[in-house]
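Report on one structure; see the data block that follows.
When reading the values below, keep in mind they use all heavy atoms of this one structure, side chains included, and skip hydrogens, waters and symmetry mates. Bear in mind that the values here come from a model prediction, so they are computed numbers and not experimental data.
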Amino acid sequence: MKERYEFSLIEKKWQKKWAEDDAFKTVEDENKKKYYVLEMFPYPSGKLHMGHVRNYSIGDVVARFKKMDGYNVLHPMGFDSFGLPAENAAIKNGTPPADWTWNNIHEMEDQLAELGLSYDWKREVCTCHPDYYRWMQWIFIQFYKKGLAYKKENPVNWCPGCQTVLANEQVVDGECERCGSAVTKKNLSQWYLKITDYADRLLENLDNGKLDGWPSKVRIMQKNWIGKSTGCEVQFKVKDSDEIMTVFTTRVDTIYGTSFMVIAPEYPTLLKNVEGTEYEAPVKEYIDKVNHMNEIERTSTTNEKTGVFIGKYAINPFTGKEIPIYTADYVLMGYGTGAVMGVPGHDQRDFDFAKKFGLEILPVVDPQDPEVDVNNLKEACAAKGIMINSGEINGMKSEDAIPYMINKAEELGIGKKTINFRLRDWLISRQRYWGTPIPMIYCDDCGWVPEKEENLPVLLPTDIEFTGKGQSPIASSKTFVNTTCPCCGKPAKREIDTMDTFLDSSWYFLRYTDPKNDKEVFNKKKADYWMDVDQYIGGVEHAILHLMYARFFTMALHDLGLVDVEEPFKNLLTQGMVNKDGKKMSKSLGNVVSPAEIIEKYGADTARLFILFAAPPERELDWSDDGVDGSFRFLNRVYRLVYEFVEKYGQGTDEFEIKTKDDKNLNYVLNQTIKKVSEDVGGRFAFNTAISSIMTLVNEIYKYKELPNAQVGLLTTAVKKLIVVLAPFTPHICEEMFEHMGNTTSVHNESWPTYDEKALVMDTVEIVVQLNGKVKEKLDVENNLSREELEKQALEADSVKALLEGKQVIKVIAVPNRLVNIVCK
RNA sequence: GCCGGAGUGGCGGAAUUGGCAGACGCACAGGACUUAAAAUCCUGCGAUCCUUACCGAUCGUACCGGUUCGACCCCGGUCUCCGGCACCA
């Protein structure tokens with residue numbers, strides 16, 4: 001070890017050694033407790049950013065700590081390597097997507113290596129590799145066989161920028177989450193996965209304790225996304241017709257206040273109902289107008305209500321009243337039945353609509369609120385209350401009227417209790433090239449048939465022209481499309497769409513448990529040994545999409561008998577963003593700090609230390625160049641401490657005896673630090689406070705070593721343990737210092753140190769004396785004094801007596817080892 | 001609109017169960033070492049007031065109020081910021 005801290009040499013030296021020794025290889029071991037720590041694998045854009053560094057630094061500390069703490073740790077890494085950017089590069093530069101992607105993967109592997117992360121690279125998984133997507137296709141076929149995958153024509157979200165369809169979850173505020181184009185609707189025949197079959201289970205597990213290790217924020221977001229609502233379907237007859245229109249409502253109690261009905265412009269019988277009437281032209285015109293709106297326009301809540309009367313009336317089954325039927329775009333075909341009953345008194349949308357079209361507003365719930373005049377409503381009153389104008393349910397509480405009316409509707413055979421979910425089935429077809437081919441074949445005689453499993457993988461063709469326009473680029477392949485039917489052997493055509501890349505990332509954590517298996521998707525025994533993931537770490541932006549898809553996949557695979565667990569991630573940590581000057585790092589703002597630059601200037605250990613120290617992991621972190629300097633200074637300070645120690649004492653000695661107050665103090669701080677780091681890293685992931693306590697220890701060692709009666713043995717112990725507890729955070733420098741202290745093994749194979757309870761008990765403690773809750777005095781008293789004894793000693797202390805002079809003591813509260821509060825006047 | 005979360009020095013943050021607010025670090029200021037600089041080391045660092053100084057006093061965790069011997073922490077209300085959902089009947 002040199003006198004100066006030359007991080008670059010040190011980091012290269014140990015990275016090489018770890019690679020040569022295969023230091024982080026993991027194998028199943030039934031005799032050891034397993035721990036699976038996983039960071040969300042990256043898309044191989046080619047460059048690591050600070051968000052990655054933060055994500056992987058957190059994971060690495062946990063992995064290294066758990067390993068030292070005696071666990072059999074699985075800590076793998078891979079690449080989510082299908083996706084649009086590779087294809088865009090092909091359009092722009094003519095580089096084949098595969099070449100572009102593999103180049104990027106190799107660059108990112110190098111960058112990850114520079115961070116000194118403890119991955120078992122033998123388990124690397126890349127989703128664009130045929131060894132992986134072969135099993136992706138296999139899973140799809142199992143889903144298809146179980147009825148979980150189906151093809152259907154539907155109005156779907158279409159992104160004109162990416163020239164592909166999108167899942168509901170990928171449409172954000174009416175825009176494509178990737179490119180920001182306004183999303184439009186298109187009628188297309190597409191593949192779906194039946195995630196709605198799992199809606200109830202996905203929802204239930206959010207609240208039944210299975211996901212208690214998740215941030216409640218994420219659970220609430222998923223809950224809202226699934227959006228369960230319990231209500232009632234009620235049938236309305238259409239006047240002078242055999243047709244029945246069924247509405248869905250959560251407020252069947254208000255049915256007596258229905259003054260109109262609205263159906264969606266896509267309602268299947270709408271055109272038939274107006275055919276040949278004077279209403280045909282205006283209705284068609286309206287539908288046409290709606291079809292030309294994009295999602296942003298159509299779903300804007302600030303829009304004034306629009307709609308047209310369709311010339312028909314429905315009959316309220318409870319009152320017999322005839323009500324006009326309208327079509328309006330505020331009613332969505334995709335939710336409920338596509339028809340609603342209009343109760344303007346108690347639903348704001350219906351209120352707005354009634355005002356616009358001059359329809360009757362009949363109050364049926366009295367909220368018993370002096371501020372609300374029910375007979376002259378200024379806005380809809382959604383509050384609960386007492387039923388009025390509602391026939392036999394008058395006087396009932398509205399919350400009691402709901403079950404009563406559901407019951408009644410069921411008895412009369414005109415309705416039933418219904419549960420609706422906001423969650424829709426997952427549209428997984430993409431009109432793109434760089435993704436897993438959907439392994440389905442269309443035969444004129446047999447229809448859609450899955451490829452035979454022994455023929456998997458269905459390889460991506462390479463004779464492709466990339467234009468960025470039209471249908472899937474795969475259509476341009478001369479070799480791919482034509483095949484024979486796996487069922488009857490006649491000529492048939494392959495599906496040319498590929499899968500949404502979110503499928504690839506929905507089960508990669510399972511493949512890590514058995515990544516090289518070419519006989520099965522993964523071995524059940526291995527998967528059952530490692531699963532579930534004990535700690536999953538990644539950005540909160542995946543709270544809904546990835547995390548819900550992965551949960552769905554795991555449940556479905558569980559149901560197929562492939563794995564025991566049904567929830568994949570026991571604990572979830574959502575890390576905050578890395579900002580600069582309070583703003584998101586971005587090229588356009590020119591405030592991007594590149595990890596490569598920082599590593600070159602300060603080394604990976606400093607980068608890791610700073611990023612873990614600057615803020616708690618789940619919070620946003622503001623990058624500070626000065627702060628990085630501080631972390632660098634600290635590592636230099638530790639380095640110097642060890643260097644000077646060895647210069648002076650060689651390997652030192654382990655033997656010591658606690659004699660002086662200073663000995664006792666250093667030993668206390670040492671044990672306190674071990675305790676604090678163990679709890680902060682092992683329990684609550686407070687890496688910032690763990691590091692601050694290590695800094696305190698270093699400060700104390702510096703003070704102690706200058707004392708004339710400092711003991712070499714105690715000093716040696718403190719320095720050695722310091723290196724060990726710091727090792728998970730800054731692995732290279734600690735390895736170097738550990739070696740310099742005379743060790744021939746790796747510091748990362750050390751057992752995590754335990755602390756001595758006895759060392760944490762001081763002879764005396766400082767307690768606070770308060771007068772009426774205000775601190776006035778501090779006293780050193782014997783440790784663990786009883787309440788009574790503490791009170792007695794405090795009142796007898798001269799300084800306290802002086803304070804109380806001329807005052808009358810009313811009450812004394814004594815808390816052992818903490819304080820005495822004297823209430824007086 | 002609905003549902004979450006947050007608000008603490010000049011800055012990042014700490015206070016884990018209602019018990020000394022501001023740990024640790026950054027920045028800044030002063031000093032030591034040095035021919036000088038860097039590096040390093042030492043000291044100070046919430047506000048206001050008092051005092052020559054030491055000592056001390058009062059206020060202070062977004063704002064207003066409450067509970068309590070005692071509140072950054074619990075309760076009620078208000079404001080601001082951030083995130084999610086949103087014409088889902």
How many whole angstroms separate atom [atom1] of [X] from atom [atom2] of [N]?
X	N	atom1	atom2	value
Glu700(A)	A23(B)	CD	C1'	12 Å
Ile691(A)	C24(B)	CD1	C1'	10 Å
Leu206(A)	C3(B)	CG	C1'	15 Å

Across the strands shown, which category fits [X] at heavy-atom distances under 4.0 angstrom: base, sugar-phosphate, nothing?
X	value
Val768(A)	base
Val262(A)	nothing
Phe421(A)	nothing
Leu819(A)	base
Gln348(A)	nothing
Asp350(A)	nothing
Arg640(A)	sugar-phosphate
Arg219(A)	nothing
Gly336(A)	nothing
Lys223(A)	nothing
Ser624(A)	nothing

Below 4.0 angstrom, N of the basic side chain to O of the carboxylate: do Asp212(A) and Arg219(A) qualify?
yes

Tell me whether the side-chain N/O atoms of [X] come closer than 4.0 Å to OP1 or OP2 in [N].
X	N	result
Arg633(A)	A27(B)	yes
Arg619(A)	A14(B)	yes
Lys811(A)	C69(B)	yes
Asn224(A)	G4(B)	no
Arg422(A)	A86(B)	yes
Asn821(A)	C20(B)	no
Ser229(A)	A89(B)	yes
Tyr330(A)	A89(B)	no

Which one, [options], comes nearest to the side chain of [X]?
X	options	result
Thr689(A)	G12(B), G19(B), A14(B)	A14(B)
Asn688(A)	G13(B), A86(B), A89(B)	G13(B)
Trp225(A)	C85(B), A15(B), G13(B)	C85(B)
Ile544(A)	C20(B), G84(B), A14(B)	G84(B)
Tyr335(A)	G13(B), C20(B), A89(B)	A89(B)

Given that both distances must come in under 3.5 Å, which nucleotide forms a Watson-Crick or G-U wobble pair with [N]?
N	answer
A71(B)	none
U78(B)	A62(B)
C85(B)	G1(B)

Taking the six-membered ring for Trp, are Phe357(A) and Tyr326(A) closer than 6.0 Å centroid to centroid?
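Centroid separation for Phe357(A) and Tyr326(A): below 6.0 Å.
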
Cationic tip of Arg637(A) above Tyr702(A) ring, under 6.0 Å, 45° of axis
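Yes - Arg637(A) lies over the ring of Tyr702(A), closer than 6.0 Å to its centre and within 45° of its axis.
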
Would Lys705(A) count as a cation-pi partner of Phe645(A), with NZ or CZ less than 6.0 Å from the six-membered ring centre and within 45° of the ring normal?
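The answer is no; the distance or angle limit is not met.
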
With a 3.5 Å distance limit and no angle check, can you tell me whether Thr196(A) reaches the backbone of Ala199(A) through a side-chain donor-acceptor pair?
no

C1' spacing across the pair U68(B) / G76(B), given as an integer number of angstrom
16 Å

Please tell me which of Asp680(A) and Arg818(A) maps to the more 5' nucleotide of RNA chain B, matching each residue to the nucleotide holding its nearest heavy atom.
Asp680(A)

Pick the nucleotide of RNA chain B nearest each of Ile813(A) and Met341(A); which residue has the one closer to the 5' end?
Ile813(A)

Specify whether Tyr256(A) and Phe318(A) have parallel, tilted or perpendicular ring planes, treating 30° as the upper limit for parallel and 60° as the lower limit for perpendicular.
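Tilted: the ring planes of Tyr256(A) and Phe318(A) meet at 30° to 60°.
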
Does atom CD of Glu3(A) have more than 12 heavy-atom neighbours from other groups under 6.0 Å away?
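Atom CD in Glu3(A) is not crowded, with 12 or fewer foreign heavy atoms closer than 6.0 Å.
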
